[in-house]
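The structure displayed is predicted, hence computed values, not measured ones. In what follows, residues are counted from 1 in the order of the sequence shown.
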Amino acid sequence: MGSIRQLKLGAFMRPVSIHTGAWRYPGAWPDANFNLTRLKYLVQRLEEARFDAFFMADHLAVLNMPMAALRRSHTVTSFEPFTLLSALSQCTSRIGLVATASTTFDEPYHIARRFASLDHLSEGRAGWNIVTTSNPDAARNFGRDSHVPHDQRYTRAREFYDVVTGLWDSWADDAFVRDVAGGDFFDPERLHVLAHRGPSLSVQGPLNIARPVQGWPVIVQAGASEPGRQLAAETAEVVFTSVPSLAEGQRFYADVKGRMAAAGRHPDHLKILPGAFVVLGQTDEEARATRSRLDSLVHMDSGMAALSIALGHDASGFDLDGPLPEVPPSNESKSGQERVIALARRENLTVRQLAQRLAGYGGLAFVGSVRTVADEMERWLKEEGADGFNIMFPWLPGGLDVFVEQLVPELQRRGIFRTEYEGTTLRENLGLPRPGNRFFPAD
Ligand SMILES: Cc1cc2nc3c(=O)[nH]c(=O)nc-3n(C[C@H](O)[C@H](O)[C@H](O)COP(=O)(O)O)c2cc1C
């Protein structure tokens, strides 16, 4: 018999929290976005608690909201993730460092270099969250008038993955012989030139960085549309997903893992981590009151903007006290739009109620006592809704402190979370194999 399956925990690190009202919460750190001292505290606390990864999302434009809403949001700006994670790699030694990078607005050579560098700097703790970028404003920051269509973004993303992983395999693990006596720094037989010519990309190679410590940094994916799921099944080792309920989590889990065999992969080699917003209290009522207090700090201008973004459609003309009207399909985030429509229908919410919910945090939330939340997490793990969670803290640092001081020990007591890291690399801790080098199979 194998040992008990354990949760994998990532921290979804909006440094002030993902919740729009969080910066106004008593005791919160409204200045955390650009305050390295605060960020060091957060990452070190997460490492003490044995979290798998610190995940830094990235967006290539300020959020596409009207100024009336933007001015209320602490999520309007954040560090460029590689610079931040490089700094944080030097004050931690075990926690994984995952950054988002876009396959639509970046080049594979750049991305391969950055992640290879971060993997070396962190001694094997880097992960790449592959996104195709849904915000159309990003296009205008990269020399385009309009966004690339959804299907084209995913076609490029798939080829992009092949190129980046091919570049990481440029050098055999033992290519750098550094033969001082003979004068050979590397062995040319152990170097592969990719010479990729494909429909979307043309990249010569080789990469000018040694093979990453992990072989390849861990591949993460966060899209949930049909092409997003297929990309995940073929390439991802971790999936961040946004599912609103255990039943939908189970469907997503079975669907994506079920596609893996056809891609020649084992389902254990992909960890599915739904995002979960966790609000704890001494009792369930206290936790619910905390969440209401947080939501009450969200301005209604933010509510309407969040609704428009989620729908990919301007909601400002909607009747606030009526039900959500029909909206046309979105080119921006298909799965996001479907989720919001389903939420409104399922809970019979008015436009106003929906807007308030979404602007605070509209996704999966575990709100309750330590026992209630631990029960929920255990259920998701045992009933194959998740392999773990990507945790969103309601405000920082208080929401994180209570999580690591009270919930983590309870999960450990139940045997469903580690008490010590299994290894030194992110792959080892996630239980993922180190990929062989496709050009030098013995590595
Ligand atoms: C947990 C999570 C984290 C995400 N992080 C980012 C991010 O950092 N940057 C980004 O542009 N999109 C991010 N996304 C959005 C997804 O990459 C994707 O664009 C979105 O889920 C729509 O995907 P789809 O078009 O396949 O439905 C994230 C999504 C989730 C669920």
Looking at [X] and [Y], what are the two nearest heavy atoms and their distance?
{"X": "R427", "Y": "R434", "value": "CD-CA, 3.9 Å"}
{"X": "L294", "Y": "P394", "value": "CD1-CB, 3.6 Å"}
{"X": "R259", "Y": "A233", "value": "CB-CB, 3.4 Å"}
{"X": "S308", "Y": "A315", "value": "OG-N, 3.0 Å"}
{"X": "V327", "Y": "Q337", "value": "CG2-NE2, 4.0 Å"}
{"X": "N135", "Y": "A61", "value": "ND2-CB, 3.8 Å"}

Less than 3.5 Å apart, any donor N or O on the side chain of [X] or [Y] sitting next to an acceptor on the other?
{"X": "T92", "Y": "R125", "answer": "yes"}
{"X": "Q353", "Y": "T350", "answer": "yes"}
{"X": "N129", "Y": "T100", "answer": "yes"}
{"X": "D119", "Y": "W216", "answer": "no"}
{"X": "E234", "Y": "Q230", "answer": "yes"}
{"X": "Y41", "Y": "D401", "answer": "yes"}

Flag the pair F240 / F12 as yes when their ring centroid distance falls below 6.0 Å, and as no otherwise. no
Could you tell me if the ring centre of H147 sits under 6.0 Å from that of F105? yes
Per the salt bridge (charged side-chain N to carboxylate O under 4.0 Å, His left out) rule, which among K257, K8, K271 passes with D387? K257
Pairing of [X] and [Y] as salt bridge, 4.0 angstrom limit:
{"X": "R71", "Y": "D301", "value": "no"}
{"X": "R158", "Y": "D162", "value": "yes"}
{"X": "E237", "Y": "R265", "value": "no"}
{"X": "E410", "Y": "R413", "value": "yes"}
{"X": "R371", "Y": "D284", "value": "no"}

Walk me through it: do N429 and R418 pass the test side-chain contact (heavy atoms from CB on, under 4.5 Å)? CA-CA 10 Å; N429 291 322; R418 67 166 70 80; 3.6 Å; yes
Can you say whether the rings of W128 and F160 are parallel (under 30°), tilted (30 to 60°) or perpendicular (over 60°)? tilted
In terms of relative ring orientation, are F417 and F51 parallel, tilted or perpendicular, with 30° and 60° separating the classes? perpendicular
Which distance, rounded to the nearest 0.5 Å, do you find between the [atom1] of [X] and the [atom2] of [Y]?
{"X": "T77", "Y": "L70", "atom1": "OG1", "atom2": "CG", "result": "9.5 Å"}
{"X": "R38", "Y": "N33", "atom1": "CZ", "atom2": "CG", "result": "11.5 Å"}
{"X": "L231", "Y": "T103", "atom1": "CG", "atom2": "OG1", "result": "8.0 Å"}

Quick one: are [X] and [Y] in side-chain contact, heavy atoms under 4.5 Å?
{"X": "F54", "Y": "L85", "result": "yes"}
{"X": "Y109", "Y": "L207", "result": "yes"}
{"X": "R293", "Y": "Y25", "result": "yes"}
{"X": "D137", "Y": "R140", "result": "yes"}
{"X": "V298", "Y": "Q356", "result": "no"}
{"X": "V256", "Y": "T241", "result": "no"}
{"X": "V148", "Y": "R156", "result": "no"}
{"X": "Q250", "Y": "W380", "result": "no"}

Main-chain N/O of [Y] paired to [X] side chain as donor or acceptor, under 3.5 Å:
{"X": "Q214", "Y": "T425", "answer": "no"}
{"X": "E286", "Y": "T283", "answer": "no"}
{"X": "E248", "Y": "V243", "answer": "no"}
{"X": "R352", "Y": "D321", "answer": "no"}
{"X": "T20", "Y": "A359", "answer": "yes"}

Using side-chain contact (heavy atoms from CB on, under 4.5 Å), reason through Q406 and Q282 one step at a time and then give a plain yes or no. CA-CA 10 Å; Q406 296 183 24; Q282 291 308 311; 3.8 Å; yes
Could you walk me through whether F403 and L9 pass the side-chain contact (heavy atoms from CB on, under 4.5 Å) test, one step at a time? CA-CA 12 Å; F403 190 105; L9 293 182; 4.2 Å; yes
Count the heavy atoms belonging to other residues, nucleotides or ligands that lie under 6.0 Å from [atom1] of [X], then report whether that count exceeds 12.
{"X": "R113", "atom1": "CZ", "value": "no"}
{"X": "E123", "atom1": "CD", "value": "no"}
{"X": "R345", "atom1": "CZ", "value": "yes"}

Cationic tip of R94 above Y421 ring, under 6.0 Å, 45° of axis: no
Full working for salt bridge (charged side-chain N to carboxylate O under 4.0 Å, His left out) between R288 and E285: CA-CA 5 Å; R288 280 196 290 271; E285 294 77 62; 3.6 Å; yes
